[in-house]
Amino acid sequence: MEIGDFYDREYGRILATLIRLVRDFDLAEESVQDAFAAALEQWPAEGAPRNPAAWIVSTARHKAVDRLRRRALLDKRRGEIESLARLDLERAEDVAEPEDCLRLIFTCCHPALAPEAQVALTLRKAKIRDARIPYRVPEGADYAERLDAVLAVVYLVFNEGYTASFGERLVRAELCAEAIRLARMLVELLPASTEARGLLALMLLHDARREARVDANGDLVRLEDQDRSRWDRARIAEGIALVEAALRGRPPGPYAVQAAIAAVHAEATDAAATDWRQIAALYSVLLRLQPTPVIELNHAVAVSMADGPEHGLRILDRLEAREELATYHLFRVARAELLLRLGRPAEAAQEYERALGLAANESERRHIHKRLAELPSGS
Amino acid sequence: MRYICLIYDDESTFAKMSEAEGAKVMQEYMQFTDGIVKSGHHRAGDPLQPSTTATTIRTKNGKVVTTDGPFVETKEQLGGFYIVEAANLDEALKIAGRIPSVRYGGAIEVRPIMEIPRAR
């Protein structure tokens, strides 16, 4: 067995278990590192244990006891000795419980922690310890609210991977994979949550298109131009099956509806076969659940495909009048495309120019340059 | 673990109240305090005189300087505090959420108290 792969796969789960056992983020992290260091020494020589995760948890627990004992010698604080006694006496089950991961994720999404810090666990560790944020999955009304925050963070991780907000690389696949792994775990542990299913479905369906979304130069390829033979059919099938389960929520939640939209795209054999009428209908459902300008923008694009560009443009102009997306480059791009379809290339060029002034991702900028260059001459 | 709940109010809210309204707020505070005394969470707590009575001391160019008024001029001023005993932040937040000022546009800052062992 490759210890490196094992580490990548199991580290989070094992750390979460140790945090439960030792109730100290720093101590847990140090002890798990110690245990992996011990594994690197022993496993190649003596062979990997039958249950490697249990071995690491058990070794890490012993390392934690050692560390506490050393600390207690230096500093005879009563609390430390008490927790040492508890750890020694407790016949702890040395198994990584899946609930431990859940506890960790829910704790990290506590409303007392700043949302901008919610992706980086290390930043939150000090406050979790010092303010004593309880290490648990909350109950009752708090649970529903916290689950929303948990799903939002997972989706944030995915989106940062799917379209990196800065830098030269458009896609960071490792972040997408991590978000999907977390969502799979949530679906497994929270079978009653249709929104967890919806989110997993949504991410699988987006991720299925990842390879076709970027060309050899690392540039963005629009949905209608993508080589659909490069879409990951297994992921699509898994996503569609999950959408059906997710839509059974009463009422269906926003992730389920977004996943349903992605599923309609995935089911079309080519761009022309896309059922735009259904997509426009799903966007109007979504708009009722989440009345945001970005969803209105997507609704406008779907309407323009189902009913004609002039209908889409009317919605965009209403949005523009409210000045809500004026500085959003994709709004400018969408408006440019509709103007082009309406035979107004000069105005389209102006919109592309404005989009260039707003887009920060290099790959997206190259795409806009390309569209500009393709405009009919004389504009 | 002890937490301090610092109560920040817009002082003008209370200044503008009628006598009856002011008495009602006072009554709510007394009920709240009695409640957390009975439940065993209360460790300390008092209202403060208005911020116009505040004096701030700091060092300027190596000299201790005394100035009139609170440390910072903001709309919300420290109006009082509680120290409560709670098992964790969630419990402390639940208690702080019941402080009457929350319902009158005030804000409560909840901070864990750093426990320093003292020789007796």
Side-chain angles (χ1 to χ4, degrees), chain A residues 19-26 28 71-84 86 100 102-115 117-118 121 123-150, chain B residues 1-9 28 32 35-37 39-46 71-72 74-76 78-120:
Chain A
I19 293 171
R20 169 172 56 86
L21 293 176
V22 308
R23 289 158 211 234
D24 179 328
F25 276 66
D26 290 318
R71 253 192 241 174
L73 281 178
L74 291 170
D75 172 3
K76 294 207 182 302
R77 271 188 292 171
R78 218 182 50 207
E80 302 251 315
I81 295 168
E82 272 173 9
S83 54
L84 173 63
R86 200 191 57 232
D100 288 332
L102 207 56
R103 219 170 274 143
L104 181 58
I105 299 172
F106 274 80
T107 301
C108 291
C109 290
H110 193 284
L113 299 162
Q118 283 193 344
L121 172 63
L123 296 178
R124 299 174 285 208
K125 239 167 37 186
K127 186 169 180 185
I128 291 172
R129 182 191 60 223
D130 297 341
R132 199 179 288 178
I133 291 176
Y135 187 51
R136 67 175 180 215
V137 177
E139 286 169 4
D142 288 349
Y143 168 76
E145 203 175 294
R146 194 80 65 82
L147 177 61
D148 286 347
V150 167
Chain B
M1 182 153 172
R2 289 182 306 157
Y3 292 84
I4 192 163
C5 306
L6 300 165
I7 304 166
Y8 290 89
D9 293 304
E28 287 174 20
F32 169 76
I36 60 171
V37 168
S39 65
H41 293 100
H42 183 274
R43 288 293 170 273
D46 279 301
F71 179 57
V72 276
T74 55
K75 198 164 137 267
E76 285 172 341
L78 185 61
F81 73 96
Y82 284 98
I83 292 178
V84 299
E85 180 69 37
N88 54 48
L89 182 66
D90 280 358
E91 194 185 0
L93 294 178
K94 210 160 275 171
I95 295 166
R98 301 198 328 256
I99 294 177
S101 283
V102 174
R103 297 191 294 275
Y104 295 94
I108 316 292
E109 179 174 332
V110 180
R111 296 265 291 270
I113 288 179
M114 197 187 281
E115 304 287 355
I116 296 173
R118 288 189 184 84
R120 280 169 196 274

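A, B, ... follow the sequence lines: proteins, then strands. Residue 1 opens every chain.
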Quiz item: Counting only heavy atoms not in B:Glu109, do more than 12 fall under 6.0 Å of its CD?
Solution: yes
Self-check item: Toward chain A: residues of residues 95-108 of chain B with heavy atoms under 4.5 Å
Solution: none
Quiz item: More than 12 non-hydrogen atoms from neighbouring residues, nucleotides or ligands closer than 6.0 Å to CD on A:Glu139, yes or no?
Solution: no
Self-check item: A:Ala131 versus B:Pro112, closest heavy-atom pair with distance
Solution: CA-CG, 3.5 Å
Quiz item: Rounded to the nearest 0.5 Å, how far does CG of B:Asn88 lie from CD1 of A:Ile133?
Solution: 9.5 Å
Practice problem: Look up atom CE in B:Met1 and atom CG in A:Asp130, then write down how far apart they are to the nearest 0.5 Å. | Solution: 7.0 Å
Quiz item: How about B:Leu89 and A:Arg132: do any of their side-chain heavy atoms sit closer than 4.5 Å?
Solution: no
Quiz item: Side chain, backbone, both or neither: which part of B:Ala92 has an atom under 4.5 Å from a heavy atom of chain A?
Solution: neither
Quiz prompt | Toward chain A, the part of B:Leu93 with a non-hydrogen atom under 4.5 Å | solution = side chain
